[in-house]
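Just the heavy atoms: all of them, side chains too, but no hydrogens, waters or symmetry mates, feed the values below.
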Amino acid sequence: MIFLPLHTRRLVIQVCCGLKAGPHQKSVNLEMSRPSSNLAEFREAFSKAKHIAVITGAGVSAESGVPTFRGAGGYWRKWQAQHLATPEAFARNPSRVWEFYHYRREVMMTKSPNPAHVAIAECESRLRKQGRKVVVITQNIDELHRKAGTRNLFEIHGSLFRTRCTTCSSVKENYKSPVCPALEGKGAPDPEVQDAVIPVQDLPRCEEIGCSGLLRPNVVWFGETLDSNLLGEVEKELEMCDLCLVVSKQLHYKHI
């Protein structure tokens, strides 16, 4: 875990939220932007902070056994995530993409928050009683922060357990297992497994009256932009906070 001084926040917003650097931000003083790892300095800053932003990524959930689909071993069957998690891949083969996400949903239903998720949620609860605010900004789509009890949560890349209609754009929570009957028992990640080739009409469909459009996972895919309203809220929190923590791996309650 590291904490960031004030002058790095704009850089954090760009990296975390996918914002392009502005015309006057092309040159970043890397020496000034280095995060601090001084524990005594951190404890002092933490004790004084009234508005804390916590940023998390895949490293936090990896401790819960969540597949990251990154690096040399980051394959589902013979594809890497970046070849499946795109609008183009969904348009070409929605059955394959839904198999991939069905597998991920089913895996996540067996996972629990680890001590990092719990510590962050307990910290938020404890500081709220002191009149202090903690917000969590995560790139993870697994909802483990939510399961751990975090309230002030920004899931900037969406959630595995929300769907969006490609016709009417309706977004709904969806915890069905399987997400639709045709996907039951499908999605095994082994390289030798063949695609199920599910007819598009049997894939998850919108239940809004008069719609029945094809559903997609409500996550941000490669090549898509993040929700501008959500980004505005996240940027506001990062600008307002007096302490920003970046949690890249498991930590325990005693650390914060």
Margin query: Quick one: does any side-chain atom of R205 pair with a main-chain N or O of S212 as donor and acceptor, under 3.5 Å?
Written below: yes

Next item on the list: Decide if atom CZ of R128 counts as having more than 12 heavy atoms of other residues, nucleotides or ligands within a radius under 6.0 Å.
Entry: yes

Notebook entry, point to check: Are a donor atom and an acceptor atom from the side chains of E106 and S177 found within less than 3.5 Å of each other?
Noted result: yes

Next item on the list: Spell out, as yes or no, whether a donor-acceptor pair under 3.5 Å connects the side chain of N140 to the backbone of G57.
Entry: yes

Next item on the list: Treating Ile, Leu, Val, Met, Phe, Trp and Tyr as nodes and any side-chain heavy-atom pair under 4.5 angstrom as an edge, say whether L215 and V200 lie in one connected cluster.
Entry: yes

Item checked: Donor-acceptor under 3.5 Å (E124 side chain, N152 main chain) -> yes

Next item on the list: Ignoring hydrogens and angles, state whether a donor on the side chain of S64 or N114 is under 3.5 Å from an acceptor on the partner side chain.
Entry: yes

Next item on the list: Using the ring of F46 (Phe, Tyr or Trp, six-membered ring only), decide whether R132 places NZ or CZ under 6.0 Å from its centre and within 45 degrees of its axis.
Entry: yes

Item checked: Backbone of K50 reached by a side-chain donor or acceptor of D242 within 3.5 Å -> yes

Item checked: Side-chain donor-acceptor contact under 3.5 Å, E63 with H117 -> no

Item checked: Gap between atom CZ of F222 and atom CG of L84 - 0.5 Å precision -> 10.0 Å

Check: Which one of R105, R104, R77 satisfies the salt bridge (charged side-chain N to carboxylate O under 4.0 Å, His left out) criterion with E99?
Finding: R77

Note to self: Please determine whether side chain to side chain donor-acceptor pair (under 3.5 Å) holds for the pair T163 and N218, giving the CA-CA distance in whole Å, both sets of side-chain angles, and the decisive distance to 0.1 Å.
What the structure shows: CA-CA 5 Å; T163 56; N218 190 45; over 6 Å; no

Next item on the list: Any chance you could measure E239, atom CD, to C244, atom SG, to the nearest 0.5 Å?
Entry: 11.0 Å

Note to self: Could you measure the distance from the CZ atom of F161 to the CE atom of M109? Nearest 0.5 Å is fine.
What the structure shows: 4.5 Å

Note to self: Strictly distance-based, threshold 3.5 Å: is any side-chain N or O of T166 a donor or acceptor partner for the main-chain N or O of L214?
What the structure shows: yes

Note to self: Under a 3.5 Å distance rule, please check whether T167 uses its side chain to pair with a backbone N or O of G213 as donor and acceptor.
What the structure shows: no

Notebook entry, point to check: Where the side chain of D227 meets the backbone of N229, is there a donor-acceptor pair that is under 3.5 Å apart?
Noted result: yes

Notebook entry, point to check: Could you state the interatomic distance from CG (L183) to CH2 (W98), rounded to the nearest 0.5 Å?
Noted result: 7.5 Å

Checklist line | side chain to side chain contact (heavy atoms under 4.5 Å, CB included) involving E192 - partner list, sequence neighbours excluded | finding: D190

Note to self: Under 4.5 Å between side-chain heavy atoms, counting indirect links through other Ile/Leu/Val/Met/Phe/Trp/Tyr residues: same cluster for Y175 and L203 or not?
What the structure shows: yes

Next item on the list: Count the heavy atoms of every other residue, nucleotide or ligand shown that sit under 6.0 Å from CD of Q194, and state whether that count exceeds 12.
Entry: no

Checklist line | Shortest non-hydrogen contact from T86 toward Q82 | finding: CG2-O, 3.2 Å

Item checked: D195 backbone acceptor or donor facing K186 side chain under 3.5 Å -> no

Notebook entry, point to check: Taking atom OG1 of T138 and atom CD1 of I120, what is their separation to the nearest 0.5 Å?
Noted result: 8.5 Å

Notebook entry, point to check: What salt bridge (Lys or Arg N to Asp or Glu O under 4.0 Å) pairs are there with at least one residue in residues 173-185, not counting sequence neighbours?
Noted result: K176-E207

Margin query: Classify the ring geometry of W221 against Y101: parallel below 30°, tilted from 30° to 60°, perpendicular beyond 60°.
Written below: tilted

Margin query: Is a donor from one side chain sitting under 3.5 angstrom from an acceptor on the other, for E143 and S159?
Written below: yes

Check: Any Lys/Arg nitrogen of R151 or E122 sitting under 4.0 Å from an Asp/Glu carboxylate oxygen of the other?
Finding: no

Check: Would you say S47's side chain and E44's backbone share a donor-acceptor pair under 3.5 angstrom?
Finding: yes

